[in-house]
2 protein chains.
Amino acid sequence: MRPIGKQAELLKVIGHPVRIRILAELTKGVKCVSDFEEFLEISQPNISQHLTLLRNHGLIDYYMDGRLRCYYLLDPIVPDLLEVLSRDYEESLPAPACCPVTKKGKYPGKRRH
Amino acid sequence: MRPIGKQAELLKVIGHPVRIRILAELTKGVKCVSDFEEFLEISQPNISQHLTLLRNHGLIDYYMDGRLRCYYLLDPIVPDLLEVLSRDYEESLPAPACCPVTKKGKYPGKRRH
DNA sequence: TTAAAATATGCTAATATTCGAATATAAATA
DNA sequence: TATTTATATTCGAATATTAGCATATTTTAA
């Protein structure tokens with residue numbers, strides 16, 4: 001299991017609207033930078049920065065095709081995370097059974113819940 | 001499906017080592033603040049800040065038990081995300097088939113890959 | 001050789017995150 | 001009522017993230 005620090009880092013890197021959209025596109029197939037320009041409403045340098053960040057963290061990579069940089073997904077966790085992220089959960093988790101024992105275990109006086 | 005912006009926000013909130021550890025504990029059961037103090041090496045106010053952040057984003061909630069605040073998981077996506085996050089992936093995704101067609105569709109000159 | 005296309009880099013200002021320190025609150029007990 | 005216990009809030013400094021802008025790089029085409 002990857003260390004907690006790496007897990008947090010991973011979520012932080014993915015946790016940006018533009019990067020989520022980029023990754024979602026890449027789960028469908030290879031895309032070059034100018035393809036992203038067509039559906040992201042941000043500047044090309046900004047797209048490039050996000051791609052570089054994703055690549056620096058090992059989530060994606062690219063190969064050259066003529067003058068195009070064809071980006072593709074590298075880390076297999078990405079589609080799985082995006083899948084969970086896009087699920088619809090109908091309801092919250094059930095409230096826990098009343099007064100479960102915490103480590104402290106002290107339950108002073110009246111209990112109001 | 002929750003909007004991309006919300007997805008990003010969610011990942012950003014979870015994407016902190018302390019908050020991941022807090023959430024991982026809460027997937028096992030209810031915990032009060034002083035329980036967290038026992039295994040997190042950070043100050044109580046800092047723990048409280050992280051708990052408040054998680055609560056403000058609807059990931060957790062608490063009920064009072066005497067003077068203890070018993071925190072519990074509220075958002076059902078959390079255990080699923082943590083499960084994916086803790087998976088071991090053996091290898092990277094396969095490199096894409098050579099020269100897939102991008103939207104640009106221009107494949108000038110030599111191809112080196 | 002010059003120009004164009006595709007993409008990256010460097011810098012900067014604005015904004016957000018993080019943690020520590022001090023302090024506050026609220027309920028229960030002495 | 002004063003104290004203790006459990007937990008939260010406020011503030012500030014350090015640091016990180018983000019986007020825009022201008023510019024650079026690389027490769028191909030004219």
Side-chain angles (χ1 to χ4, degrees), chain A residues 4-5 8-22 30-38 40-57 60-72 99 102-113, chain B residues 4-5 8-22 30-38 40-57 60-72 99 102-113:
Chain A
I4 302 278
E9 200 179 308
L10 179 64
L11 292 193
K12 241 169 76 176
V13 170
I14 305 183
H16 185 289
V18 166
R19 295 196 288 268
I20 288 184
R21 291 176 70 190
I22 287 174
V30 177
K31 290 271 177 304
C32 68
V33 181
S34 44
D35 291 329
F36 291 118
E37 286 187 70
E38 292 180 12
L40 296 174
E41 56 294 335
I42 63 177
S43 70
Q44 174 274 316
N46 197 0
I47 291 173
S48 189
Q49 286 174 341
H50 286 296
L51 289 169
T52 299
L53 183 66
L54 290 170
R55 182 160 179 272
N56 285 341
H57 283 84
I60 66 176
D61 203 359
Y62 68 83
Y63 59 85
M64 296 299 296
D65 184 356
R67 48 184 151 180
L68 303 181
R69 281 197 186 193
C70 299
Y71 280 91
Y72 59 90
C99 294
T102 67
K103 195 115 180 250
K104 279 280 176 186
K106 295 177 185 168
Y107 288 128
K110 297 161 203 130
R111 300 170 191 185
R112 44 205 134 32
H113 40 245
Chain B
I4 301 277
E9 201 179 307
L10 179 65
L11 292 192
K12 239 169 78 177
V13 170
I14 304 182
H16 185 288
V18 167
R19 293 194 290 268
I20 289 182
R21 291 177 69 190
I22 288 174
V30 176
K31 290 272 176 303
C32 68
V33 181
S34 44
D35 290 330
F36 291 118
E37 287 188 68
E38 292 182 10
L40 296 175
E41 55 294 336
I42 65 178
S43 69
Q44 175 272 317
N46 196 1
I47 292 175
S48 189
Q49 288 172 337
H50 286 296
L51 289 170
T52 298
L53 183 67
L54 290 170
R55 181 159 180 271
N56 285 341
H57 283 85
I60 67 179
D61 203 358
Y62 67 84
Y63 60 84
M64 296 299 295
D65 184 356
R67 46 185 152 180
L68 302 180
R69 283 201 184 190
C70 299
Y71 280 90
Y72 58 92
C99 294
T102 66
K103 194 116 180 248
K104 280 280 176 187
K106 293 176 184 170
Y107 287 129
K110 297 160 202 131
R111 299 168 193 187
R112 39 206 137 33
H113 42 244

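All chains are named by letter (A, B, ...) in the order of the sequence lines, taking the proteins before the strands, and each is independently numbered beginning at 1.
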Length of the CG-C1' vector between B:L68 and C:dA28, whole Å: 11 Å
Protein-nucleotide distance (A:L11, atom CG; D:dT17, atom C1'), rounded to Å: 17 Å
Protein-nucleotide distance (A:L54, atom CG; D:dT18, atom C1'), rounded to Å: 14 Å
C:dA26 OP1/OP2 closer than 4.0 Å to side-chain N/O of B:R67: no
Between C:dA6 (P) and A:E38 (CD): distance, integer Å: 11 Å
A:E38 and A:K31: CA distance, side-chain angles, deciding distance, salt bridge (Lys or Arg N to Asp or Glu O under 4.0 Å) verdict: CA-CA 11 Å; A:E38 292 180 12; A:K31 290 271 177 304; over 6 Å; no
Spacing of A:I47 atom CD1 relative to C:dT7 atom C1', expressed in whole Å: 11 Å
Side-chain-base donor-acceptor pair under 3.5 Å for B:Q49 and D:dT10: yes
OP1 or OP2 of D:dA19 under 4.0 Å from side-chain N/O of A:H16: yes
Heavy-atom donor-acceptor pair, A:Q44 side-chain to C:dA6 base, under 3.5 Å: no
Intermediate values then yes/no, side-chain contact (heavy atoms from CB on, under 4.5 Å), B:Y71 and B:D61: CA-CA 6 Å; B:Y71 280 90; B:D61 203 358; over 6 Å; no
Touch class at under 4.0 angstrom, heavy-atom based, for A:Y62 against every strand present: nothing
Nucleotide D:dT26, atom C1' - distance to CG of A:D65 in whole Å: 15 Å
Per B:V33 side chain, nearest of listed nucleotides D:dT7, C:dT9, C:dG20: D:dT7
B:K12 side chain near C:dT17 phosphate (N/O to OP1/OP2, under 4.0 Å): yes
D:dT17 phosphate, OP1 or OP2, under 4.0 Å from A:H50 side-chain N/O: no
Rounded distance (nearest 0.5 Å) linking atom CG of A:N56 with atom CG of A:L51: 11.0 Å
D:dT9 OP1/OP2 closer than 4.0 Å to side-chain N/O of B:T52: yes
Presence of A:R19 side-chain N/O under 4.0 Å of D:dT18 phosphate oxygens OP1/OP2: yes
A:S34 vs C:dT7: side-chain N/O to OP1/OP2 distance below 4.0 Å: yes
Length of the line joining A:R69:CZ and D:dT28:P, which is rounded to integer Å: 13 Å
side-chain contact (heavy atoms from CB on, under 4.5 Å) between A:I14 and A:R19, worked out: CA-CA 6 Å; A:I14 305 183; A:R19 295 196 288 268; 6.0 Å; no
Sugar-phosphate only, base, or nothing, as touched by B:F36 at under 4.0 Å among non-hydrogen atoms: nothing
Rounded interatomic separation in angstrom, taking CG from B:L40 and C1' from C:dT18: 15 Å
Verdict with supporting geometry, B:Y62 and B:C70, side-chain contact (heavy atoms from CB on, under 4.5 Å): CA-CA 5 Å; B:Y62 67 84; B:C70 299; 5.6 Å; no
